[in-house]
J.: 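Submitted below is the structure of interest, expressed as C-alpha cells.
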Amino acid sequence: MASNSSSIKVCGMQFAYEAQTPLFYDFNLDISPGSRCLLVGANGSGKTTLLKILAGKHMVGGRDVVQVLSGSAFHDTQLVCSGDLAYLGGSWSKTVGSAGEIPLQGDFSAEHMIFGVEGIDPVRREKLIELLDIDLQWRMHKVSDGQRRRVQICLGLLHPFQVLLLDEVTVDLDVVARVDLLDFFKEECDQRGATIVYATHIFDGLETWATHLAYIQDGELKRAKKLTEVDELKSSTNLLSVVESWLRSETKTEKKKPIKPPTQTQKTSPIADSPVKLGKFRQRREDNLPGDVRPKTGPSEGVLQGNCEKEVIRIDACGSSAVTRKVLDANTVVVGQDNGGPMCSRDSRVKTDLDGVGVVIGKVSQKVCKNLGDILANEEVILSPPRKVVR
Ligand SMILES: Nc1ncnc2c1ncn2[C@@H]1O[C@H](COP(=O)(O)OP(=O)(O)OP(=O)(O)O)[C@@H](O)[C@H]1O
C-alpha cells in the first residue's frame, strides 16, 4: 500500500498493554489518500488497538512512529480537534469525531446533540440527518441500539474528515442504512480524497466498496494490498470465504516473548562493564514511556547498544513511587539525571524492585512528579548523559 504521500504511515511501531507481551512488534503500515482500507483479522488480533493508536488514543513511541496526515497521531491534538481525523468506535461514551465526549445515553434529544456541535456546514448536517434517517425528537435514553448508533455516526461525520477510522460501526444498522452509509463513505473518498480504515467482520457488499485490504494476525500485518491484487479474490469474488480461509489456516503462533530481565546482575559497575551500555540519547523522553516496547538493539535505535533485554525509560523527574513502580513493572532500566540523589532510595518497595531490575544508570532529579501525567505533559525534557552507575 506504499505511496509517496501517505494519509497514514506507521513505521516500526511497538506496542504492549501494561504488563503484557507486545501486541505489535515492528509494525509498519502505509495507506495512501483516497483509500478505503478494510482491516480484517480474528477476534483479538489487534484491529481495535491499531485503530485507537491511529486515532491518537494510545501514545506509541516518538512523533514519527505513527503519522496521520503528516502529523503525530498522539501529539498533534489539532488533528482531532479540527475534525480532520475522526474515529468511530463501539463505545457510546468515547470521543466522537471532534465533538468531544458525548453522553449518548443521557436524556438528550438527537436534535440537541447534533445541533450542539458548532461550526458545521448546515447542508452537510441535513444530508447526514436524512441519510441516517434520524428523527430529531428521539430521546437518547429511549432509542434502540441502531437508532443510537445512527446518532453517534452522524455526530462523528459532521466535520468533513480527511481520515476516518471505523471500528465495526455498522453492526447495529439495518441493511438500508448500512448500504446508504457505505455509499456515502465511498463518495467522500472519491470526491474529497478522504481516507477510511474500516475494521469489520461483516463483509457483505465490501468486495466492490473497498480499495485495499489489511489483514492482521496476532498483531502482525500479514497482508496489505490493493483488493484487485489479492490473488484469492481473482478466483473468488466472495470476500467472506477468502477471509474465512485465512482465519482457518491461522496457526497459533508463539506469543511474542516478554522482555526478560537479564540473567546476570551487576553489583557495582562502571558504565563500561554494565550489561546495559548507553548509546546516544533520545531528545524526547516520551519515546520510551510504557507502551513503547521497542527492543534496544543498536545505536540506530537511539538509546542502547549491547545485549540488553530491558526497556529503558528516561525520566527527568521522579520521587513518586507510583511512577517508579509503573516504570519498573514494565521491566525497565531507569536512566536519570545526575543532579539529585540516588533513584528513589528512600522507598523500600522501589529499592526491592531495583534489586530485581538489575542496573540503574545515573541518578534522577529530586524534583517531585505527581503522576505519569506530569511527565506526559512536559514534552521537552532533555536529559544529560549520566556520569556514573548507581547501585
Ligand atoms: N485495555 C486493554 N488492556 C489489556 N489488553 C487489552 C486491552 N484491550 C485489548 N487488549 C488485548 O489486546 C489484544 C487485541 O485486542 P483488540 O481489541 O485490539 O482486538 P480486535 O482485533 O479488535 O478484536 P475483535 O475482533 O474481537 O474486536 C487482545 O488479546 C486483547 O485481549
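Heavy-atom basis, side chains included; hydrogens, waters and symmetry copies ignored. Indexing begins at 1, ligand by ligand and atom by atom, following the structure's order.
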J.: Pick one of side chain, backbone, both or neither for how E168 approaches ligand 1, counting any non-hydrogen atom pair under 4.0 Å.
T.: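 Answer for E168: neither.
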J.: Of all the atoms in ligand 1, which lie at a distance below 4.0 Å from a heavy atom belonging to Q20?
T.: 4 (C), 5 (N)
J.: With sequence neighbours excluded, give me every side-chain hydrogen bond (donor to acceptor under 3.5 Å, both in side chains) pair touching residues 126-135.
T.: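 Residue pairs with at least one partner in residues 126-135: K127-E187.
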J.: Can we say D172 and R148 salt-bridge, meaning some charged N sits less than 4.0 Å from an Asp/Glu carboxylate O?
T.: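 No, D172 and R148 are not salt-bridged.
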J.: For ligand 1, which atoms sit closer than 4.0 Å to a heavy atom of A42?
T.: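 Listed by number with element: 21 (O), 25 (O).
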J.: Can you list the ligand 1 atoms lying under 4.0 Å from a non-hydrogen atom of K47?
T.: 18 (O), 19 (O), 20 (P), 21 (O), 22 (O), 23 (O), 24 (P), 25 (O)
J.: Check each heavy atom of A199 against ligand 1 and say whether those closer than 4.0 Å belong to the side chain, the backbone, both or neither.
T.: neither
J.: Decide whether a cation-pi geometry holds between R192 and F161; the criteria are a distance under 6.0 Å from NZ or CZ to the six-membered ring centre and an angle within 45° of the ring axis.
T.: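 Here R192 passes the 6.0 Å and 45° test against F161.
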J.: Does at least one non-hydrogen atom of G41 fall below 4.0 angstrom from an atom of ligand 1?
T.: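 Heavy atoms of G41 never come under 4.0 Å of ligand 1.
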J.: Applying salt bridge (charged side-chain N to carboxylate O under 4.0 Å, His left out), run through R223 and E229 and close with a yes or a no.
T.: CA-CA 11 Å; R223 293 163 199 253; E229 291 170 0; over 6 Å; no
J.: Could you pull out all residues at least two apart from Y215 that satisfy ring pair (Phe, Tyr, Trp, His ring centres under 6.0 Å)?
T.: W246
J.: If we only count N/O pairs under 3.5 Å, is L50 in contact with ligand 1?
T.: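 No; the residue has no nitrogen or oxygen that sits under 3.5 Å from a nitrogen or oxygen of the ligand.
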J.: Relative to atom 18 (O) of ligand 1, which among T49, L23, D218 owns the nearest non-hydrogen atom?
T.: T49
J.: Between D174 and R149, is there a side-chain N and carboxylate O pair less than 4.0 Å apart?
T.: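 Looking at D174 and R149, the cut-off is not met.
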